[in-house]
Amino acid sequence: MPVIMKPVVKLDLNLKLEKEFYARDLLQVAKDLLGKILVKKNGKEITAGKIVEVEAYDGSTDEAAHSYRGPTPRNKIMFEVGGYLYVYFTYGNHFCCNVVTGKKGKGTAVLIRAVEPVSGQDKMIINRFGGKKISGKDLYNLTSGPGKVCKAFGINTSDSGTDLTGNKIFLLNGTVIKKSSIGVSRRIGITKSTELPWRFFIKDSPFISRKAVK
DNA sequence: ATCAAGATTACCT
DNA sequence: GGTAATCTTGATA
């Protein structure tokens with residue numbers, strides 16, 4: 001039985017975001033991603049979550065970006081036109097997924113740091129905790145970090161390069177987030193270019209990875 | 001061929 | 001609040 005009391009939302013697949021959305025400026029896309037619905041389809045199975053926290057990375061000026069030193073086998077998809085998924089593996093355990101943005105050659109992408117589960121919560125619990133019963137407060141621990149999101153959705157490096165206008169992993173138009181409810185801070189977990197205020201999150205969401213950043 | 005660092009998480013006090 | 005775990009990637013030789 002689902003532990004989560006949230007009603008399963010009926011997803012309208014006609015609201016899929018198109019290429020033009022992604023091909024715009026990095027910071028614009030980053031803020032606009034808040035409230036959008038990340039969807040992964042696996043046959044009949046669907047996992048979906050509302051994006052509540054993101055970070056922007058820009059290889060041209062930002063030393064923390066994987067693209068800062070130019071294309072490599074791992075990051076080359078970041079240099080494509082916006083609308084692809086970039087997934088990398090880190091710390092020996094975790095995958096992180098990013099939305100590539102901008103024009104071809106830019107090397108810009110947005111890290112999806114946290115989502116609010118919308119559909120397929122049971123599958124997320126299986127992926128994250130082996131299907132063990134979870135308590136109510138663990139709901140907020142299901143997808144509240146970039147590694148957690150990938151684990152819950154079953155996203156790994158084999159998904160890197162996925163075309164987000166396709167039918168496997170994509171985004172749907174969701175809630176429009178008022179400018180006044182968007183929080184801004186420095187980015188988490190980096191040691192270079194730490195001064196850039198490029199983390200964006202929905203202020204009152206209990207599903208973000210952290211409240212405050214040092 | 002070798003090595004250090006890492007866009008994190010879970011678990012401990 | 002602090003830190004060990006874990007292994008791929010990219011840089012250097």
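We name chains A, B, ... by the order of the sequence lines, and we start the count at 1 in each one. All values below were derived from every heavy atom in this structure, side-chain atoms included, with hydrogens, water molecules and symmetry-related copies excluded.
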- Gap between atoms CG and P, on A:N93 and B:dA10 respectively (whole Å): 9 Å

- Message: Is there a side-chain contact between A:R113 and the phosphate of B:dT8, meaning an N or O under 4.0 Å from OP1 or OP2?
- Response: yes

- Message: How many whole angstroms separate atom CD1 of A:I188 from atom C1' of B:dT9?
- Response: 13 Å

- Nearest-angstrom distance from the residue atom OH of A:Y91 to P of C:dG10: 16 Å

- Looking only at side chains, do A:S144 and A:S209 share a donor and an acceptor under 3.5 Å apart? no

- Query: Between atom CG in A:N75 and atom P in B:dA5, what is the gap in whole Å?
  - Reply: 20 Å

- Task: Using the aromatic ring of A:Y88 (for Trp, its six-membered ring), decide whether it stacks on the base of B:dA7 within the limits of 5.5 Å and 30°.
- Result: no

- Within 45° of the six-membered ring axis of A:Y57 and under 6.0 Å from that ring's centre, is NZ or CZ of A:R187 located there? yes

- Query: OP1 or OP2 of C:dG10 less than 4.0 angstrom from a side-chain nitrogen or oxygen of A:T72, does that happen here?
  - Reply: yes

- Separation of A:N141 atom CG from B:dT8 atom C1', in whole Å? 13 Å

- Message: Let's test this: given Watson-Crick or G-U wobble pairing with both distances under 3.5 Å, identify the partner of C:dC7.
- Response: B:dG6

- For A:L111, which contact category applies under a 4.0 Å heavy-atom criterion: base, sugar-phosphate, or nothing? base

- Message: Which heavy atom of A:N127 sits nearest to which heavy atom of A:A152, and what is that distance?
- Response: ND2-O, 2.7 Å

- Message: Partner lookup for B:dA1, please. Criteria are Watson-Crick or G-U wobble with both distances under 3.5 angstrom; report none if nothing qualifies.
- Response: C:dT12

- Item | Atom-pair distance (CD on A:E63; P on B:dG6), nearest Å | 11 Å

- Task: Verify the stacking flag for A:F89 against C:dT8: centroid separation must be under 5.5 angstrom and the ring planes must differ by under 30 degrees.
- Result: no

- Item | Spatial distance of atom CD1 (A:I188) from atom OG1 (A:T194) [nearest 0.5 Å] | 13.0 Å

- Find which nucleotide of DNA chain B each of A:R128 and A:N98 is nearest to by heavy atoms, and output the residue with the more 5' nucleotide. A:N98

- What integer distance in Å separates A:F95:CZ from B:dG6:C1'? 15 Å

- Would you kindly compare A:T90 and A:R74 by the position of their nearest DNA chain C nucleotide and give the one closer to the 5′ end? A:T90

- Contact class for A:T157 vs. all strands (heavy atom < 4.0 Å): base, sugar-phosphate, or nothing? nothing

- Task: Identify the heavy atoms of A:F170 and A:L164 that sit nearest to each other, and give their distance.
- Result: CB-O, 3.2 Å

- Query: Any side-chain N or O of A:H66 less than 4.0 Å from the OP1 or OP2 oxygen of B:dA7?
  - Reply: yes

- Task: Quickly work out the A:K148 NZ to B:dC11 P distance and round it to whole Å.
- Result: 11 Å

